[in-house]
Asks: 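I have a structure here, written as structure tokens, and I will follow up with some questions on it.
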Amino acid sequence: MTLKNCIENLDFFKNLNHEQIELLSSFSFIKNYEKDSILFYQSDKKNSLLFLVQGLIKIYKYDKFDNEIFLYHINPNSLISELSSIENSEIISYSNSAFIENSTVLAVDFQKFKEHFLDTDILIKELMNSLLKKNHKLQSLLDRELVFDATAKVAYMLFSDLKLFNSIKRQEVSFMLHIQPETLSRVLKKLTRDNIIEIESQEVIIKDSFLLEAIFKGVSI
């Protein structure tokens, strides 16, 4: 995939015209990363605004005992960078980022991006929407860790990211949700008994999405 193809395939840039894409291409580049490689560590400083074109990224931190704490995933067609200000030319990372699939990243020189686009009121709405999506991920993280019990955690992941759930090992799912593998197994059996899901060849199939959503939304049923 060429640089221009990558830009055109990202929703963030879908409203740009040909001349604007040409300009953006002049200070952008794409880079391919292998599975398990690192994109950035916490406190790293970057001069580029990063977008995930294809692949999958894990965002995580370490606790005081050096245990890895999973935060959330970044899916394709998404902004990667963690912006706290658009005034500075450097972008500080507040977490760690690793690829869990072979991936492609678009890097855009942030200073030139501000000069040619943000400072001329182009792509402001797109940037705001991307940052709001990140804020929603953080809100979901707070719900998962402070509000949800084990059943709600599993139900939320099945409802919001069934494809990922079915593509990784159950032990990895347990690690992501910060629950024991035995607890995950019990929850899946309960959801199966309640006729909310079924499991065929280790793959979960949702039978009643309304009841599944009700588990983590607290809807009276």
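As the structure is a prediction and not an experimental result, all values here were calculated from the model. Along the sequence shown, the residues carry numbers beginning at 1.
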Asks: Can you confirm whether F13 sits close enough to I21 that some side-chain heavy atom of one is under 4.5 Å from a side-chain heavy atom of the other?
Replies: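 Side chain of F13 against side chain of I21, heavy atoms only: no contact under 4.5 Å found.
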Asks: With the 4.5 Å side-chain cut-off for hydrophobic clustering, are Y60 and L50 part of the same group?
Replies: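 No: no chain of side-chain contacts under 4.5 Å links Y60 to L50.
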Asks: Would you mind telling me which of V53, N9, L10, L52 makes a side-chain contact (heavy atoms from CB on, under 4.5 Å) with N77?
Replies: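 For N77, the side-chain contact (heavy atoms from CB on, under 4.5 Å) test succeeds with only one of V53, N9, L10, L52, which is L10.
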Asks: Could you state the interatomic distance from NE2 (H178) to OG1 (T183), rounded to the nearest 0.5 Å?
Replies: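 Here the rounded value is 13.5 Å.
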Asks: Taking side-chain contact (heavy atoms from CB on, under 4.5 Å) as the definition, give me every residue that meets it alongside E182, ordered by chain and number, with sequence neighbours left out.
Replies: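 For E182, the residues satisfying side-chain contact (heavy atoms from CB on, under 4.5 Å) (neighbours in sequence not counted) are Q180, R186.
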Asks: Sequence neighbours left out, cut at 3.5 Å: what donor-acceptor pairs do the side chains of residues 152-161 make with other protein atoms?
Replies:
| from | atom 1 | to | atom 2 | distance (Å) |
| --- | --- | --- | --- | --- |
| K153 | NZ | L177 | O | 3.1 |
| Y156 | OH | S140 | OG | 3.0 |
| S160 | OG | Y156 | O | 2.7 |
| D161 | OD1 | L164 | N | 3.4 |

Asks: Calculate, to the nearest 0.5 Å, the distance between atoms CZ and CG belonging to F110 and L49 respectively.
Replies: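 Reported to 0.5 Å precision, the distance equals 6.0 Å.
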Asks: Could you tell me whether a side-chain N or O of D194 sits under 3.5 Å from a main-chain N or O of I196, the two making a donor and an acceptor?
Replies: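 Between the backbone of I196 and the side chain of D194 there is no qualifying donor-acceptor contact (under 3.5 Å).
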Asks: Under a single-linkage definition using a 4.5 Å side-chain heavy-atom cutoff for Ile, Leu, Val, Met, Phe, Trp and Tyr, are L16 and L23 assigned to the same hydrophobic cluster?
Replies: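 Same cluster.
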Asks: I need the K114 NZ to L123 CG distance, nearest 0.5 Å.
Replies: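 Those atoms lie 14.5 Å apart.
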Asks: Identify, with sequence neighbours excluded, every residue that meets side-chain contact (heavy atoms from CB on, under 4.5 Å) alongside N47.
Replies: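 With neighbours one apart ignored, the set is E90.
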Asks: Any heavy-atom pair between the side chains of L56 and N75 that's under 4.5 Å?
Replies: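 In short, these two side chains touch, coming nearer than 4.5 Å.
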Asks: With sequence neighbours left out, write down each residue that passes side-chain contact (heavy atoms from CB on, under 4.5 Å) with N67, or none if nothing qualifies.
Replies: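 Testing N67 for side-chain contact (heavy atoms from CB on, under 4.5 Å), a comparison that skips the adjacent residues, returns D63, F65.
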Asks: May I ask you to test the V187-I179 pair for a side-chain heavy-atom distance under 4.5 Å?
Replies: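 No - every pair of side-chain heavy atoms lies 4.5 Å or more apart.
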Asks: Looking at side-chain heavy atoms only, is the closest gap between I7 and F51 below 4.5 Å?
Replies: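 No, their side chains stay 4.5 Å or more apart.
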Asks: Report the residues that fulfil ring pair (Phe, Tyr, Trp, His ring centres under 6.0 Å) with Y94, sequence neighbours left out, ordered by chain and then residue number.
Replies: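 In terms of ring pair (Phe, Tyr, Trp, His ring centres under 6.0 Å), with neighbours along the sequence ignored, Y94 is linked to no residue.
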Asks: Supply the atom-to-atom distance L142 CG to F148 CZ, rounded to the nearest 0.5 angstrom.
Replies: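 Reported value, rounded in 0.5 Å steps: 10.5 Å.
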Asks: Distance from I197 atom CD1 to F165 atom CZ, nearest 0.5 Å?
Replies: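 I197 CD1 to F165 CZ: 7.0 Å, rounded to 0.5 Å.
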Asks: Do L127 and L83 touch side chain to side chain, with heavy atoms closer than 4.5 Å?
Replies: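 They are in side-chain contact.
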Asks: Please examine the side chains of L79 and L131, heavy atoms only from C-beta on, and report whether any two atoms are closer than 4.5 Å.
Replies: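 Result yes, sub-4.5 Å side-chain heavy-atom pair found.
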Asks: Indicate, with yes or no, if I92 and I80 share a hydrophobic cluster defined by side-chain heavy-atom contacts under 4.5 Å among Ile, Leu, Val, Met, Phe, Trp and Tyr.
Replies: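 No, I80 does not connect to I92 through the hydrophobic network.
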Asks: Tell me whether M176 shares a hydrophobic cluster with L71, the cluster being built from Ile, Leu, Val, Met, Phe, Trp, Tyr side chains joined at under 4.5 Å.
Replies: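 Unlinked, M176 and L71 end up in two clusters.
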Asks: Just to verify, what does F29 make a ring pair (Phe, Tyr, Trp, His ring centres under 6.0 Å) with, not counting sequence neighbours?
Replies: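 In terms of ring pair (Phe, Tyr, Trp, His ring centres under 6.0 Å), with neighbours along the sequence ignored, F29 is linked to no residue.
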Asks: How long is the span from the CG atom in L191 to the CG atom in L211, to the nearest 0.5 Å?
Replies: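 The distance works out to 10.0 Å.
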Asks: Kindly indicate whether the side chain of S48, heavy atoms from C-beta on, has any atom under 4.5 Å from the side chain of V108.
Replies: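 In short, these two side chains do not touch, never coming nearer than 4.5 Å.
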Asks: List the residues meeting ring pair (Phe, Tyr, Trp, His ring centres under 6.0 Å) with F113, not counting sequence neighbours, and say none if there are none.
Replies: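 Residues passing ring pair (Phe, Tyr, Trp, His ring centres under 6.0 Å) with F113: F117.
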Asks: List the atom of H116, the atom of T120, and the distance in Å for their closest heavy-atom pair.
Replies: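 So the two residues come closest at O-OG1, 3.0 Å.
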Asks: Any side-chain heavy atom of R170 sitting closer than 4.5 Å to one from L188?
Replies: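 Side chain of R170 against side chain of L188, heavy atoms only: contact under 4.5 Å found.
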Asks: Under the side-chain contact (heavy atoms from CB on, under 4.5 Å) rule, what do N129 and F12 come out as? Steps first, then yes or no, please.
Replies: CA-CA 9 Å; N129 284 337; F12 191 96; over 6 Å; no
Asks: Which pairs with one or both residues in residues 64-86 pass salt bridge (charged side-chain N to carboxylate O under 4.0 Å, His left out), sequence neighbours excluded?
Replies: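 Salt bridge (charged side-chain N to carboxylate O under 4.0 Å, His left out) check on residues 64-86 returns K58-E68.
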Asks: Is there a path from L212 to V147 through hydrophobic residues (I, L, V, M, F, W, Y) whose side chains come within less than 4.5 Å of each other?
Replies: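 Yes, L212 connects to V147 through the hydrophobic network.
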Asks: Looking at K189, I want to see if its NZ is surrounded by more than 12 non-hydrogen atoms of other residues, nucleotides or ligands under 6.0 Å.
Replies: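 Counting neighbours around NZ of K189, 12 or fewer heavy atoms of other residues, nucleotides or ligands fall under 6.0 Å, so no.
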Asks: Determine all donor-acceptor pairs shorter than 3.5 Å in which one atom belongs to a side chain in residues 32-44; sequence neighbours excluded.
Replies:
| from | atom 1 | to | atom 2 | distance (Å) |
| --- | --- | --- | --- | --- |
| N32 | OD1 | T104 | OG1 | 2.8 |
| S37 | OG | E34 | O | 2.5 |
| D44 | OD2 | Y41 | N | 2.8 |

Asks: For a side-chain contact (heavy atoms from CB on, under 4.5 Å) check, start with the C-alpha distance between V105 and F99, then their side-chain angles and the critical distance, and finish with the verdict.
Replies: CA-CA 11 Å; V105 170; F99 296 96; 3.8 Å; yes
Asks: Tell me, which pairs form a salt bridge (charged side-chain N to carboxylate O under 4.0 Å, His left out) where one or both residues lie in residues 118-135, sequence neighbours left out?
Replies: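 Matches after skipping sequence neighbours: none remain.
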Asks: With sequence neighbours excluded, give me every side chain to side chain donor-acceptor pair (under 3.5 Å) pair touching residues 199-210.
Replies: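 For residues 199-210, and leaving out neighbouring residues, the side chain to side chain donor-acceptor pair (under 3.5 Å) pairs sorted by first residue read N195-K207.
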Asks: Run the ring pair (Phe, Tyr, Trp, His ring centres under 6.0 Å) test against H73 and tell me which residues pass, sequence neighbours left out.
Replies: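 Checked H73 against ring pair (Phe, Tyr, Trp, His ring centres under 6.0 Å); matches are F70.
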